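Computation of the quantities below employed the complete heavy-atom set of this structure, encompassing side-chain atoms and omitting hydrogens, waters and symmetry-equivalent molecules. It should be emphasised that the depicted structure is a prediction, and the values quoted were computed from it without experimental measurement.
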Amino acid sequence: MSLLALDMMTITCVFISALRFDSAKVFRVKPQNEKEVSVMKSLPSLIKVDFWYPDSALHIVKQMEVDFHVSAEQSNTVERVLKQNGIPYQIIFDNLQEDIKKQLDGDKNDGHSYEKYNEWDKISDWTARIAKSNSTLVSRIQIGKTFENRPIFLLQIGNKSGEGKAIFMDCGVHAREWISPAFCQWFVKEAISTYGKDRDMTYILDNMNFYIVPIVNIDGYVWSWTQNRFWRKNRSNASQSNCIGVDINRNFDVAWSTADSSRNPCEETYCGFAPESEPETKAVASFIRSHLSSIKGYLTMHSYSQMILFPFGYTYEKTANYNELNELAKRAVNAIASLYGKVYKYGTSASTIYLSSGCSDDWVFNQGIKYSFTFELRDKGKYGFLLPESQIKPTCQEIMLAVKLIASYILNKTL
């Protein structure tokens, strides 16, 4: 082989190797006044900043804990700016590469496991296996394909077929939020294994279906495993720019591109070139539109920050059934706290976190599905997107209580 060919192989290997985060840091800052807020908002104009919470500098306000990730090279600049302006800060991750390793418990995982994070291929095989081995209760439906042509699977779970009552639940909309798809898998396992044994689950599945999409953003999820652990968007390159990806949860046709979304393809909250421009968005929206007569509730799982949110996100206006949604969310967070004492906040998206537009929960609500909730799972930032595998089981157990409570409530209200 020629030296030129060897050089080309070396270049290719370097190019496709996964992005590393050696000595990359995550800072936490709580601005105390408008001057400090202004300094924080100006950071992205100086250096590349990956905001973990909130998801954009736009939302930074006084007394908000702001978590953001910067490379090792740029961390000195951040520290200098913060010190110059007298802004106190914590470094909650000192070397992200080490912490990425710590997230996985180190045991070799050859097969699918409910207490580990699973790569997409294992999840895909699991969806086929679980449907085949529980054919009276589970069926697998392909509802579309991703930008990179991967099949998007939905699992229908329940003892009734056809047009009854249903709850639609999706996970894995944002690629780096690994605890989200872990919960969808856990829910399916629990639903199947406790059916006929647990009175509440049996009653629910005898009288309604769950439509569950274990991962919406499959391309992004694969990328987060193989290339960039902190990738958020899908992998669409339809923007006529060098920047890849659309934020699927800003791409729904509700107040599209009005609040907390960007028309810049290089931003994390890029809303796409049009509502439902993304095949992943279209797959979810098309299925829901075609099942509006049966879908009574919608649950979408995200992380992190421990919240249960409900519409609206794009306006501070309250829904007509605000009191009912607020009371149901309150009961759900109390159910969560009853198991391990984890405290979840609840309220409308706009008032509890920040204004956001083009989001699935608002779109679903405006389709007439009046019980629409976004869950932000563990934790509150100690681990952020790197929630250890040891916390998968307790997180899923506590969220099961909330989901069963909401499902029972919806069922009783719509019987």
Side-chain angles (χ1 to χ4, degrees), residues 137-138 154-171 180 183-184 186-188 190-192 194-195 198-214 252 254 284-285 287-302 307-313 318-338 344 346-349 359-377 396-415:
L137 209 58
V138 184
L154 173 147
L155 294 174
Q156 179 176 339
I157 303 176
N159 206 25
K160 286 182 72 173
S161 59
E163 291 299 315
K165 295 176 177 62
I167 289 176
F168 188 102
M169 180 161 67
D170 62 42
C171 293
S180 165
F183 176 74
C184 265
W186 184 277
F187 179 86
V188 172
E190 282 294 298
I192 293 166
T194 63
Y195 178 74
D198 175 80
R199 187 186 63 187
D200 292 340
M201 185 61 82
T202 305
Y203 177 71
I204 290 167
L205 295 182
D206 275 344
N207 290 281
M208 75 190 320
N209 284 309
F210 273 85
Y211 297 129
I212 298 176
V213 181
F252 284 83
V254 56
V284 169
F287 184 89
I288 290 174
R289 272 194 294 263
S290 65
H291 292 77
L292 278 178
S293 61
S294 63
I295 296 175
K296 307 301 179 187
Y298 173 74
L299 308 174
T300 181
M301 300 292 161
H302 291 258
M307 296 178 182
I308 297 181
L309 307 170
F310 51 87
F312 293 112
K318 290 180 177 175
T319 64
N321 65 336
Y322 167 81
N323 289 336
E324 184 184 19
L325 292 178
N326 197 58
E327 180 61 27
L328 186 50
K330 179 183 176 181
R331 289 174 56 193
V333 301
N334 287 340
I336 291 169
S338 72
Y344 276 57
Y346 65 95
T348 68
S349 297
C359 300
S360 63
D361 55 355
D362 284 343
W363 177 82
V364 164
F365 184 87
N366 284 353
Q367 298 302 301
I369 299 167
K370 296 306 181 189
Y371 302 101
S372 179
F373 295 95
T374 294
F375 282 65
E376 294 283 351
L377 306 184
C396 293
Q397 287 174 325
E398 66 196 12
I399 300 304
M400 280 298 301
L401 298 178
V403 171
K404 284 171 70 176
L405 183 148
I406 291 171
S408 295
Y409 180 89
I410 292 172
L411 185 54
N412 291 330
K413 288 290 285 190
T414 56
L415 273 175

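Shortest non-hydrogen contact noted between Pro311 and Thr319 is O-CG2, 3.5 Å. Considering all non-hydrogen atoms of both residues, Ile406 and Ala332 come closest at CD1-CB, 4.2 Å. Residues Ile204 and Lys404 share a closest heavy-atom pair of CD1-O, 3.9 Å. Summarising the geometry of Met201 relative to Thr194, their closest heavy-atom pair is CG-OG1, 3.4 Å, with the distance given to 0.1 Å. Ser294 and Gly164 make their closest contact through CB-O, 3.2 Å (heavy atoms, listed as atom of the first residue, atom of the second, distance). In this structure, Asp361 and Ser349 approach most closely via the heavy-atom pair OD2-OG, 3.7 Å.
Contact annotation: the side chain of Ile336 approaches that of Ile308 to within less than 4.5 Å [non-hydrogen atoms, C-beta and beyond]. Considering only heavy atoms from C-beta on, Glu376 stays 4.5 Å or farther from Tyr344 through its side chain. For the pair Val364/Val254, no side-chain contact is recorded, criterion being any heavy-atom separation below 4.5 Å from C-beta on. Within the 4.5 Å cutoff, the side chain of Phe168 has no heavy atoms near those of the Ile369 side chain. The side-chain heavy atoms of Val403 and Phe183, taken from C-beta on, include a pair separated by under 4.5 Å. Inter-residue side-chain proximity for Tyr322 and Thr348 is flagged as met; some heavy-atom pair is nearer than 4.5 Å. Inter-residue side-chain proximity for Ile212 and Leu154 is flagged as unmet; no heavy-atom pair is nearer than 4.5 Å.
Taking CD of Glu398 as the reference point, atom CG of Leu377 lies at 8.5 Å (rounded to 0.5 Å). To the nearest 0.5 Å, the span separating CG on Leu325 from OG on Ser372 amounts to 8.5 Å. The structure places CG of Leu205 at 11.0 Å from CG of Asp200, a figure rounded to the nearest 0.5 Å. To the nearest 0.5 Å, the span separating CG on Asp198 from CD on Glu190 amounts to 9.0 Å. Separation of atoms OG (Ser180) and CD1 (Ile399) is listed at 11.0 Å; rounding is to 0.5 Å. Of the inter-residue distances, the one linking Leu299 atom CG with Cys171 atom SG reads 9.0 Å to the nearest 0.5 angstrom.
Using a 30° and 60° split on the angle between ring planes, Tyr409 and Tyr371 fall in the perpendicular class, above 60°. In this pair, Phe210 and Phe187 present their aromatic rings tilted. The plane angle is within the 30 to 60° band. By the 30° and 60° cut-offs, the orientation of the rings of Phe365 relative to Phe312 is perpendicular. Between Phe310 and Phe373, the two ring planes are perpendicular [angle over 60°; tilted spans 30° to 60°].
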inquiry  = side chain to side chain contact (heavy atoms under 4.5 Å, CB included), that's the test. Do Glu324 and Lys370 meet it? Break it down for me.
reply    = CA-CA 10 Å; Glu324 184 184 19; Lys370 296 306 181 189; over 6 Å; no
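For Lys296 (side chain) and Ile410 (main-chain N/O), no donor-acceptor pair under 3.5 Å exists by modelled atom type. In terms of modelled atom types and a separation under 3.5 Å, the side chain of Asn207 and the main chain of Leu411 share no donor-acceptor contact. A donor-acceptor contact shorter than 3.5 Å is absent between the side chain of Asn209 and the backbone of Gln156.
Of the residues Thr374, Val284, Val213, the one that meets the side-chain contact (heavy atoms from CB on, under 4.5 Å) test with Thr300 is Thr374.
Inspection of the Ser408 and Tyr203 side chains reveals no N or O donor paired with an N or O acceptor under 3.5 Å.
The 12-atom threshold is exceeded at CZ of Arg289, counting heavy atoms of other residues, nucleotides or ligands nearer than 6.0 Å.
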